[in-house]
There are 2 protein chains.
Amino acid sequence: MDKRPDPIGFGFFAFVKMNIFRIKSSYMFSKASQYAIKAIIYIWMKSLQDSKAGAKEIGSEIDAPEAFTAKILQQLSRAKLIGSVKGPNGGFYADESHTNKTLKDVVRAVDGDSLFTGCSLGLNKCSEKNPCPLHFEIVGIRQKLDQMLTNKSIKHLAVEVIKGETNIKRILQVNK
Amino acid sequence: MDKRPDPIGFGFFAFVKMNIFRIKSSYMFSKASQYAIKAIIYIWMKSLQDSKAGAKEIGSEIDAPEAFTAKILQQLSRAKLIGSVKGPNGGFYADESHTNKTLKDVVRAVDGDSLFTGCSLGLNKCSEKNPCPLHFEIVGIRQKLDQMLTNKSIKHLAVEVIKGETNIKRILQVNK
DNA sequence: AAATTAAAGGATAATTTTGTCCTTATATGG
DNA sequence: CCATATAAGGACAAAATTATCCTTTAATTT
């Protein structure tokens, strides 16, 4: 390989990747959770139409890497948030037994519950009695988030999506 | 080094670190933001007592890795959220020019603003007109978070902390 | 002016999260 | 029973985030 020092400054491209200029992601949910939510809504939509969905199909439809999606589906399956069957005509599905599963169940299965229980500043002894500077401010917001995620069943979400719009692709906004 | 295959199954310890059993962090803010918030509150507390704080001191007081804290302080300084002076008796400080800086400024300086503007499912075309399944649910919560972070000036927070308790260590809960 | 002190910044390492590939297990249809 | 399709899982790779170390720059003190 050519190990000569970069002659005309293409190191510039490394430059833009440097700390200073890198933009972080930092959403409310991890990517894994985002994929999980999209996937499980999609599965419910299929199940409401009496069909299963395979990992590949799901990954492609929700615009998530297929192999990674498969891993996440395993987690959801282990957590009993969805069912799965192997073999021909197999795939992932949801039924009555999953009717009451909520967004919170999904997020917890994938990300654990530090989002709901941990101190927002990462302090391990934060509590009502010994609150961090943001404690009381954050608690209220987090409670709202928690309630919202707890109140929304996945099935309900899927039904809403179907009612409002039949084109899955558009609703999940997977196209660019 | 001993490269023999693990004879009595201490691979178990690798095992517990495997995907399945690993617990994610996944807080509202990144670690960098958490450190930034703790650091800047600490700096304000010191400044309100007319003294500067060095990177080492700050890192140790807020229970964050010192070198990493130094990096974050650089970012805060570049973003004009704090001031810095080099040399003997130097350090980081905050003054009138920083009075109106808010928690939101801090989070944005460190994490960018995907937390505030990005779709919670990571979809790039999510909007009022073309909403993702969580859009309207999340928007309200995020707005509350945004408002809270916008309304709280760091200075105000530091004052509150000082009023409530003089022991910095305890308030920031750096012990255990 | 020189020595010293502390921030600024570069390079690199460790860890975590995200992502891929390949093998194994298992259900279904023929 | 056999072939096939698909989930489950292991091993590994890439990327992002977190963390450390060392050199350079610039104030302050002497």
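So you know, we letter chains A, B, ... as the sequences are listed, proteins then strands, and number each from 1. Just so we're clear, the structure is a prediction, and the values are computed from it rather than from any experiment.
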Rounded to whole Å, please give me the gap between CD in Gln75(B) and C1' in dG9(C).
12 Å
Mind checking if Ala67(A) touches a base, just sugar-phosphate, or nothing, with heavy atoms under 4.0 Å?
base
Would you kindly give the CD-to-C1' distance between Gln34(B) and dA19(D), to the nearest whole Å?
15 Å
With sequence neighbours excluded, residues passing side-chain hydrogen bond (donor to acceptor under 3.5 Å, both in side chains) with Gln143(B):
none
Enumerate the ring-ring contact (aromatic ring centres under 6.0 Å, His included) contacts for residues 60-100 of chain B, please, sequence neighbours excluded, ordered by first and then second residue.
Tyr35(B)-Phe68(B)
note: Phe29(A), atom CZ; dT17(C), atom P; distance rounded to Å ~ 17 Å
Length of the CG-P vector between Asp63(A) and dG19(C), whole Å
11 Å
Rounded off to whole Å, could you give me the CG-to-C1' distance for the Leu73(B) and dG9(C) pair?
14 Å
Map Ala70(B) and Pro65(A) onto DNA chain C by nearest heavy atom, then report which one ends up closer to the 5' terminus.
Ala70(B)
Would you say that Phe29(B) contacts Ile138(A) through its side chain, given a criterion of any heavy-atom pair below 4.5 Å between the two side chains?
yes
dG9(D), dA8(C), dT20(D): which one has an atom nearest the side-chain heavy atoms of Phe92(B)?
dA8(C)
Ignoring hydrogens and angles, does a donor from either the side chain of Lys71(B) or the base of dG10(C) sit under 3.5 Å from an acceptor on the other?
yes
Whole-Å gap separating C1' (dA6(C)) and OH (Tyr93(B))
14 Å
Glu57(A)/Lys46(A) ion pair, N-O < 4.0 Å
yes
Residue pairs passing the ring-ring contact (aromatic ring centres under 6.0 Å, His included) test where at least one lies in residues 110-132 of chain B, sequence neighbours excluded
none
Please name all residues satisfying side-chain hydrogen bond (donor to acceptor under 3.5 Å, both in side chains) with Ser97(B), sequence neighbours left out, ordered by chain then number.
Asp95(B)
May I have the distance from Ile72(B) (atom CD1) to dT20(D) (atom P), rounded to whole angstrom?
11 Å
Output the single nucleotide from dT18(C), dT20(D), dA8(D) whose closest atom is nearest the side chain of Ser84(A).
dA8(D)
Distance check: side-chain N/O of Ser77(B) vs OP1/OP2 of dA8(C), anything under 4.0 Å?
yes
Partner residues of Thr69(A) under the side-chain hydrogen bond (donor to acceptor under 3.5 Å, both in side chains) criterion, sequence neighbours left out
none
Write out a two-atom table: protein N or O, nucleotide N or O from nucleotides 22-27 of chain C, distance below 3.5 Å.
| residue | atom | partner | partner atom | Å |
| --- | --- | --- | --- | --- |
| dT26(C) | O4' | Lys86(A) | NZ | 3.2 |

Between Tyr35(A) and dG19(C), does any side-chain N or O lie under 4.0 Å from OP1 or OP2?
yes
Test side-chain hydrogen bond (donor to acceptor under 3.5 Å, both in side chains) applied to Thr102(A) - qualifying residues, sequence neighbours left out:
Asp105(A)
Could you check whether Ala64(B) gets within reach of a base, just the sugar-phosphate, or nothing at all, counting any heavy atom under 4.0 Å?
nothing
Okay, side chain of Lys52(A), backbone of Asn89(A): is any donor-acceptor separation there less than 3.5 Å?
yes
Scan residues 94-101 of chain B against DNA chain C and write down, sorted by residue number, each residue with any heavy atom closer than 4.0 Å; if none is found, say none.
none
Give a yes/no answer on whether the side chain of Arg78(B) brings an N or O atom under 4.0 Å of OP1 or OP2 in dG9(C).
yes
Hey, could you give me each pair passing salt bridge (Lys or Arg N to Asp or Glu O under 4.0 Å) that has a residue in residues 132-153 of chain B? Not counting sequence neighbours.
Glu137(A)-Lys152(B), Lys152(A)-Glu137(B), Lys104(B)-Asp146(B), Lys152(B)-Glu160(B)
Spacing of Lys31(A) atom NZ relative to dA14(D) atom P, expressed in whole Å:
19 Å
